[in-house]
Amino acid sequence: MNGAVEAANKNIKRILQKIVDNHKQWHEKLPFTLLGYRTTIRTSTWATPHMLVYVTIVVIPAKVEMSSLRVIQEEKLDDAEWMRVRQEQLMLIDEKRMDTVCHGQLYQNRIACALNKRVMFRQLTPRQLVLKKIFPYQEEAKGKFAPNWQVPHVVHRALSGGALILAEIDGRVNTMPINSDAIKRYYV
């Protein structure tokens, strides 16, 4: 959730930078920036944040002053009719939110497919020699000039999903699996 807030703040800051001159009186432009941010359709959900919260399309202030068709229609409704229309809108909340969830999942699948096209899977088989990466939090990481890879290991077993069980050169098998991203082939 924290990442989403940081991304939103970054976008709001970017919008503010475009409409404010020399960082002066940015606080006066903030309401317009927030309105613009909340009423912009997101690619991932095909909905605006305002639509997800209030389940209705936002009416911007200019449309209220220069009456739009929607404002005129709502003004002509009597209270009972307005309540009925609003209740119908509220009943559609779950349907609209489900559509948004589906759009979000489709968007994530499209992004994953686009990124996975560039991934080249390594086929490591048992008895191949490999080097294991030394991570900064390991004891072997001694500083800037220390080696980045441990002495050669032997692939003992390849597990599903790219995990490997490694063995030392002398034959001792490590019980902890390691991701194949932290392994590179060693050629003698």
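What's counted below: heavy atoms across the whole structure, side chains too, no hydrogens, waters or symmetry copies. Nothing fancy with the numbering, it's 1 onward along the sequence. If you're wondering where the values come from, they're calculated on a predicted model, not measured in any experiment.
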Enquirer: Check whether more than 12 heavy atoms from other residues, nucleotides or ligands sit under 6.0 Å from atom CH2 of W26, and answer yes or no.
Expert: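 12 or below, so no.
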Enquirer: When rounded to the nearest 0.5 angstrom, what distance separates CG in L164 from OG1 in T125?
Expert: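 With rounding to 0.5 Å, CG (L164) is 10.0 Å from OG1 (T125).
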Enquirer: Please answer: with hydrophobic residues joined when any side-chain heavy atoms are less than 4.5 Å apart, are L124 and Y186 in the same cluster?
Expert: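 Cluster IDs for L124 and Y186 differ.
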Enquirer: Between Q105 (side chain) and C102 (backbone), is there a donor-acceptor pair under 3.5 Å?
Expert: no
Enquirer: Distance check, rounded to the nearest 0.5 Å: W149 atom CH2 versus I183 atom CD1?
Expert: 7.5 Å
Enquirer: Work out which heavy atom in M176 is nearest to a heavy atom in I165; give both atom names and the distance.
Expert: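 Nearest heavy atoms, M176 then I165: C-CD1, 4.3 Å.
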Enquirer: Can you tell me if CZ on R157 sees more than 12 non-hydrogen neighbours from other groups inside 6.0 Å?
Expert: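 No, CZ of R157 has 12 or fewer neighbouring heavy atoms, counting only those of other groups under 6.0 Å.
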Enquirer: Decide side chain to side chain contact (heavy atoms under 4.5 Å, CB included) for H156 and L166; before the verdict, give the C-alpha distance in whole Å, the side-chain angles of both, and the deciding distance to 0.1 Å.
Expert: CA-CA 5 Å; H156 179 70; L166 299 180; 6.0 Å; no
Enquirer: Kindly indicate, with the supporting measurements, whether the criterion side chain to side chain contact (heavy atoms under 4.5 Å, CB included) is fulfilled by V155 and L129.
Expert: CA-CA 7 Å; V155 175; L129 289 175; over 6 Å; no
Enquirer: Are V130 and Y187 connected, step by step, through hydrophobic side chains (Ile, Leu, Val, Met, Phe, Trp, Tyr) whose heavy atoms are closer than 4.5 Å?
Expert: no
Enquirer: Is the side chain of D170 donor-acceptor paired with the backbone N or O of R172 at a distance under 3.5 Å, no angle test?
Expert: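 Yes; judged by distance alone, with no hydrogens or angles, the pair exists.
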Enquirer: What are the two closest non-hydrogen atoms of V151 and L131, and how far apart are they?
Expert: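 Of all heavy-atom pairs spanning V151 and L131, the closest is C-CD2, 4.0 Å.
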Enquirer: Could you give me the CA-CA distance, side-chain angles and deciding distance for K10 and R14, then say whether side chain to side chain contact (heavy atoms under 4.5 Å, CB included) is met?
Expert: CA-CA 6 Å; K10 181 175 66 172; R14 190 178 305 138; 3.8 Å; yes
Enquirer: State the NZ-CD distance between K133 and Q150, to the nearest 0.5 angstrom.
Expert: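 Going from the NZ atom of K133 to the CD atom of Q150 covers 11.0 Å.
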Enquirer: Supply the atom-to-atom distance L106 CG to I111 CD1, rounded to the nearest 0.5 angstrom.
Expert: 12.0 Å
Enquirer: Look at the side chain of N179 and the backbone N and O of D181, then say whether any donor-acceptor pair between them is shorter than 3.5 Å.
Expert: yes
